[in-house]
Asker: 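First the structure, then my questions, so here it is.
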Amino acid sequence: MFFVVVLFKFFSFLNNIFIFLKTNQIIIMKSKLLLITFILISSLGYSQMLEISGRVIDAKSNTPLVGVNVEIQNTSQFFKTDVDGNFIFSKVPSGSKLIFSFIGYKNYELNVTKSQKLTIEMQAASESLEEIVVIGYGSKKKRTVSGSVGFVSNKTIEELKPIKIEQALQGTVAGVAITSGSGAPGSGFAIRIRGISSNGDNAPLVIIDGYLGGDLGILNPNDVESITVLKDAQAAIYGASGANGVILITTKAGKKNTKTKVTFNSYLGSQETTKKMNLLNATDYALLLNESYGNGGQALPYPIVTGLGKGTDWQNEVFNKAPIVSNDFSISGGSDKITYSFSGSDIYQQGIIGGGKSDYKRNTARLSLGVDFSDKIKLSSYFTYTYLDRDSLNENGLGSVLFNALNTPSTLTPYDSNGDFTLVPSTTGFGIEIINPLAQIENTYNDYKLRKLNGGFTLNYDVVKHFKFTTIVGFSTANSKGKNFSKKVNYGGKVFDVTRSSVNQNAINNNDYNFDAYGTYDNTFLEDHKIKVTLGTSVYKEFGSGLFATGFDVPNNSWEFADIALATGTSVAGVRDVGSYGYDERRLSQFGRFEYEFKGKYLFSAMLRRDLSTKFGPDNRVAIFPSFTAGWIVSDEDFFKKDGLFNFVKLRASYGLLGNDKIGNNRYVGSLTGEGVYLFDGTLSTGVAAGVLPNPEIKWEADEKINVGIDLKLWNNKIDITSDYFIDTRKDLLISNIPVSGITGVYAPGSGSPTVNAGTVRNKGFEFSINYKDKITNDFNFGLGYNVTTINNKVLEVANSTGYIEGGLFGVSQPAPSRMEVGHAIGYFLGYQTDGIFQNQAEIDAHPSQAALGSATSPGDIRYKDLNGDGFITYKDKTDLGNPIADFTMGFNLNLNYKNFDFVAYTYASIGNEMVRNYERTLANVNRSNYILGRWTGEGTSNSVPRVTTAATNNNVFSDYFVEDASFLRIQNIQFGYTLNKTLSEKFKISKLRLYAGVNNLYTFTKYRGFDPAANDGSPIGGGIDSGFYPTPKTYMMGLNVNF
Amino acid sequence: MLIFNTYKMKKYIIKSSIAIALFATLSISCSDNFIERTPVYSIDSENYFNSKADYDNALVAAYDLLNSSYINVMLGEIASDNTLSGGESATDVIGIQQIDEMTHTPQNSNLKDLWNWMFAGVNRANYILEFKDKTDFSGKNQVIAEARFLRAYYQFELVKFFGGIPMKGDARFKINDEKSIPRSSATAVYASIEVDLQYAIDNLNPVAAQKGRATKGAAQALLGKVFLYQDKFVESASVLEGLITSNTYSLVSNYNSIFENAGENNAESVFEVQYTDAEGASFDCLQCSEGNVAVGFNGIRNYTGPLFDSGYSFNVPTQEAYNAFETGDSRRDVALLNIVTWAASNTGVSYGTGYKHTGFFNRKYIARQGDANVGDQNLTNPNNYRSIRYADVLLMAAEANSRSGNNSKGQEYLNKVRDRAFGDTNHRITVTGQALTDFIWNERRVELLGEGHRFFDLVRTGKAVGKITGFTANKNEVFPIPFEEIQFSNGNWQQNTGY
């Protein structure tokens, strides 16, 4: 509290000075004004004269606009607004028109019919320096922003047609990477701003119109006006929640004094897989198996190969074309005092695998209402109701649908002669996980429904001139229901056999709210000194509960009857078929920001935030986060030649300390949440045991962000360049479940290792983006955008004795392939380095023994490098085989407008990211990708693909043989549109009608053999392992936009 | 003009003051105590043990880790000359593969599991013992005695596998203890185990209140074993004699019936780890399974046919182990399933051949049909592990007596076991001295084959070299301390010799 009090005192002191200065200034201004008015009056004629006066403000920020040109149309009479945005025309002829114009803003016209005093809100023209950017608890002109800020306008969102709003950030904002572990309908996205810094939660803070608990996943993209991304220390106003970056969403609201505007957008699409892998057909498969069995000294499984033909293409069997339909409408408008916007949307998407078994439906309804209670008190509010319905299939893992489709051989048929699903044989060669993928789809039953109400209120009170008080309340309450039916099913002795049907249901209630209040003092004194002070406090609370239950013996073994209401069976005595949890987490903050501009070209801001969080124990609850930004608009200097190549040059720098508290709840206190169950007298007894080992000392992750950047406009403002260099160093990394000595009992059931501040990760990088806009003729204009981001990720410290943390899964029961270790990128792959294929026994004899890997080596096997030179290949020879973090990510975007036609193309590239091929079940009888046709079959035949054999080999230990370069270039979206001539459409009372056709995810250029090189669930340790990723579909779409 | 401005300024100040007052009120109302809240629905681990029920509940949790000792049983066989690793391929559970080959290094996930899980058991027992004086109630000695029995059981497993381990008395290990508490010598660990077990013998009921709980007899048998492992033959013979003469236990007449579901907790069962098929399980947390994970691992690969369920074909017995049985020994076809013979004599049998396929399976502990197959059925087999059978007690007593010079008792106890095995008295052993001891050792192998004792019997009797392929003397007697643990200890603990 102390620093708040100090700031308050400082603030009131400043206030007194300003008032004094101001009163004197007003006198000077007033006399000038009188003089101008006098001149104006004297030059006017004697028609009916009206007096028009008022104030011109920016429509978004409500800040006064200084120097706006106000002229009476077709006369030479004009006036420029004063420092407070005021203007006055004492004698304006009735019926004339006033034109308000200002650089960077759209012109505003006013028909003069009566004398009045009014407030003119001018709209910023998009993408100019005068554009207002929200920076958290306030906003700023883009021109004077001194932090690193990314921006996506609703125009981009409209063009990209994202199903989920996260997709609009892909390739459009430098430094922001969007990945998804799946292309299944409704699956989530991982957003990483400037790389992966934490081995825990790297998700940025999302704020929707001031509501701190924002969830991008459920937004209707058409409700979004703009997205602002705070990438550097600028985010420090959010202190402890800002370390992963901040995404600020501004949603659409009605505009004052506009007629009711109705829009309707609709599209219809067809989705299909972007790729099918090249697998062996039945004949090739049989031949390969014969060779493999022969090499293993076993009888040939297919003595007769003729007549097998191509067999079943399991990928054709599981992939289907799937529809997507989207409709939304909005009604918006506003009067003098009230603005409103109402919108609704409906989207339905089926999966390219399983159709309706993996689908996604989202409905949203939204009301936005703004009310000016008086000139000084203004309220804006919104309510959103979202309904989600999602069904999903088993994905990306041993036993996923795609995994089965890839491994089931083409010699098997999907259905038997009775039309029933065939069984994949339960023999050693097939293992016990591989099942008929079609049967798997058929027998998967689940359902997830979410209903969420979310709202926000912002009350602005202009207390006195220059001092504004703002209160924000945001909330959400969500209820979800999930159901999962395990049908009694027999796959013929596989692990997925279910001998007793059951239905698992859950009901989860999540709530949160924030209450923020802050005051802003904004003043300019002595003409050149602009000062803005913001002081505030914020509370945030999230709370909720979940209830789980399972019922057994579902009537008729059928989804129709799958509900606990009907399933009367229970587990045997002692087993709990029910469970629940509850939570209550809070955060309390005070913050202050001081902004200073000298002559509008020297920019400085300082921020300080104090946070308290229930995530930490009493001793470490409080943390203070300071930060600074500075900027210099070089092009405003006198020495700068305005008529040169450069129109605008700004240098920026920022430094700050931010925090992260995203860890599990109550990690500082020991709770009896462990599992202690044992059988006595044949019945399970439930005991009580310690849960996760507590660590009373845990504290915030401290993130030091350094950024220097430059903003340029050149060639008559046609080219726009922004470039940044940054260093993010995340210290005191909160590593949850950090490996600790087993003597502490942390490996007991339901227990776990503590969360410890034990690491440092640094991300260094460079961002560059360039936009070029030009008008060739009045009919033809275009825009080009390119951005590139480099990320250099390095772990600087893992303070847990072993010096590393493992993660990820490879193969069956193989050691974890991914690591976080000092000197490497977080989540790098650790394995053996291959050195070609042994061509003959002499080569094997000459090479260090590979026996320690478990099996004998024969010609045709992989040769591993003896990196430590001890003469043996052992685990000590494992090395860094790459990592899933891209070295470069790029976006290239193009839009063209010619007469009524428009065209956009968005591409995205990722270079230098590795992916682990883990969708191959290394068993004797599984199907293979056709690269195996280039295998070693004798001396000199191959030096990259080992022989096939059923005998034991070391070829399947984790090595770079399984690590592939997953660099790619993807054409994300192309769209071609046509807008009907206005004269034509207005006949139908339509102000705008646009028809378009487009393709999302058109093509991906890559060498990667798997389905989707872009797929990555974003896990810091263990990401980038492909066990059969559900590919993002290619979507052909046609749609229309109508405005009434 | 000036007056006007003063008025305006006053208004300004008043308004500002109101705003500041409002602000201040708001800040105070959101003062730091907003953050004060107790965790929702949770019990603080340091504020427990307020009633008998609390002790009972914590004791249940201390028993829980017995379930995870399945890996001890598997490794005790696979490391020995009884069985091979098996599995799907050379890379299937590499830790197990390496132990079979005796090429294991400190980086072995299975040894790491074993270390972690047994210490988890020690810590859960010590949680009770740390708070043993907090609340009094009648019958407390029984609770404390069970906790001390469990601690001894877990520590014995640890000392068998790793030699000396760190100990902390009646207190849970805390983080950083690994950097300060040294590894006690094996002798000191055994001494502590002996004291715990003596307390257990003095305080435990001879008959368990519930099947599965430790009894006086279990403590006696374990103490007898602990003495035997230290070559304290007189002490061993004495404590086992007490157990035998109590007549609490007897041999079951039909050897085969012991290992079927109906034979669980029978008259011969001195201590038995209780497993159930009632709850699901997954590979993410094998120690969380209430089923016998080893049974699924040992099971016949891709089996279809009568009686058995399929599994992962680990822990496959060798031909040499098969041949170790004398003609007429009824135990051979109980301990070992000859899959070729079985397939020939039963219709509809098919099976897969895994890595290091021998044609034999560990029949005592492979999956049987008829259980509930809940969750991942391979991880939830209900077969109890017969940890200490009366036959084991008799053979231990025989050995202790034989090696301390009491030939007649040695013969008597050995022959009790042999009589049952052959169903007659024609196979009795009458030799004395070392010859008798040799017979007893061989009898242990065939009687207890598949039950996880063989490796340690070979080691403690100095017979491992030559019998176990790849066994290196003065190294492989114990397993390496997990690599991570040595790292964590930061130089406090030395790795075992040779690793």
Side-chain angles (χ1 to χ4, degrees), chain A residues 4 8 15 19 23 426-428 463-464 467 469 493 495 499 517 519 537 539 571-572 575 582-584 586 588 612 614 621 666 669-672 675-681 684-685 687-690 739-745 747-749 801-802 812-814 852 854-855 875 952 956-957, chain B residues 5 9 12 15-16 19 23 26-27 30 32 34-35 37 39-43 45-46 57-58 60-61 63-64 89-93 97 103 107 115-117 119-120 123 166 173 175 178 210-212 274 276 278-279 287-288 290 301-302 304 310 352-355 373 376 484-485 487-488 490:
Chain A
V4 175
F8 263 119
N15 206 22
I19 291 160
T23 38
S426 182
T427 61
T428 314
V463 185
V464 289
F467 180 65
F469 189 77
V495 286
T499 50
T537 178
V539 296
S571 289
V572 298
V575 180
Y583 65 96
D584 173 354
R586 307 173 191 194
L588 169 67
L612 291 97
T614 48
R621 251 180 203 159
N666 304 316
V669 56
S671 299
L672 294 174
E675 183 196 309
V677 179
Y678 197 69
L679 196 75
F680 293 119
D681 271 347
L684 280 176
S685 297
V688 162
V740 295
S741 173
I743 66 168
T744 54
Y747 293 92
S801 305
T802 54
V812 177
S813 312
Q814 288 218 35
S855 302
Y875 70 91
N956 293 322
V957 299
Chain B
N5 275 322
M9 195 164 155
Y12 213 116
K15 278 196 173 180
S16 305
F23 211 98
L26 211 106
S27 296
C30 304
D32 291 2
F34 172 75
I35 291 297
R37 64 101 181 90
V40 181
Y41 303 123
S42 72
I43 305 166
S45 60
E46 308 311 297
N57 284 335
V60 173
Y63 273 96
D64 193 3
S89 67
T91 51
D92 192 8
V93 194
Q97 304 294 344
T103 56
Q107 280 203 333
W115 170 280
N116 289 337
W117 296 342
F119 267 111
N123 250 29
F173 284 109
I175 286 179
E178 70 276 7
Q210 288 174 303
K211 275 177 203 156
Q274 311 286 312
T276 173
E279 217 179 62
Q287 71 271 38
C288 299
E290 309 307 330
R301 184 160 285 269
N302 297 106
T304 46
S310 72
T353 54
Y355 185 55
N373 284 346
D376 191 328
E484 294 83 356
E485 294 293 323
Q487 296 286 113
F488 291 135
N490 205 14

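In what follows, chains are A, B, ... by sequence order, proteins preceding strands, each numbered from 1.
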Asker: Flag the pair A/T744 / B/F119 as yes when at least one side-chain heavy-atom distance between them is below 4.5 Å, and no otherwise.
Answerer: no
Asker: With a 4.5 angstrom heavy-atom cut-off, is it the side chain or the backbone of B/N123 that approaches chain A, or both, or neither?
Answerer: side chain
Asker: Where does A/F680 contact chain B at under 4.5 Å (heavy atoms): side chain, backbone, both or neither?
Answerer: both
Asker: If I measure from the heavy atoms of chain A, does B/Y355 come under 4.5 Å with its side chain, its backbone, both, or neither?
Answerer: side chain
Asker: What's the shortest heavy-atom distance between A/V688 and B/A61, and which atoms?
Answerer: O-CB, 3.3 Å
Asker: Identify which part of A/V572 has an atom lying under 4.5 Å from any heavy atom of chain B, answering side chain, backbone, both or neither.
Answerer: side chain
Asker: The criterion is side chain to side chain donor-acceptor pair (under 3.5 Å); which residues satisfy it with B/S310, sequence neighbours excluded?
Answerer: none
Asker: Tell me every residue that passes side chain to side chain contact (heavy atoms under 4.5 Å, CB included) with B/D376, counting only those two or more places apart in sequence or in another chain.
Answerer: A/V495, B/F283, B/Y312, B/N378, B/L379
Asker: Are the side chains of A/E675 and B/C288 in contact, using a 4.5 Å heavy-atom criterion?
Answerer: yes
Asker: Side chain from CB out, backbone as N, CA, C, O: work out which of these in A/V669 comes under 4.5 Å of a heavy atom of chain B, or both, or neither.
Answerer: side chain
Asker: Under a 4.5 Å heavy-atom cut-off, does chain A meet the side chain of B/P166, its backbone, both or neither?
Answerer: side chain
Asker: Report the option among B/D64, B/V93, B/V60 that has the most heavy-atom pairs separated by less than 4.5 Å from atoms of chain A.
Answerer: B/D64
Asker: Report the distance from atom OG of A/S741 to atom CH2 of B/W115, rounding to the nearest 0.5 Å.
Answerer: 6.5 Å
Asker: Under a 4.5 Å cut-off applied to non-hydrogen side-chain atoms, are B/E290 and A/L679 in contact?
Answerer: no
Asker: Select, from A/V957, A/V575, A/N956, the one with the greatest count of heavy-atom pairs under 4.5 Å involving chain B.
Answerer: A/V575
Asker: Heavy atoms only, distances under 4.5 angstrom: which of B/T304, B/N490, B/T276, B/D92 has the most pairs with chain A? Name it, please.
Answerer: B/T276
Asker: Does A/Y747 use its side chain to pair, donor to acceptor, with the backbone of B/A120 at less than 3.5 Å?
Answerer: no
Asker: Quick one: CD on B/E279 to CG on A/L684, what's the gap to the nearest 0.5 Å?
Answerer: 6.0 Å
Asker: Which answer fits B/S89, side chain, backbone, both or neither, if we ask what part of it has an atom under 4.5 Å from a heavy atom of chain A?
Answerer: neither
Asker: Which one of B/E178, B/E484, B/Q97, B/Q107 has the most heavy-atom pairs closer than 4.5 Å to chain A?
Answerer: B/Q107
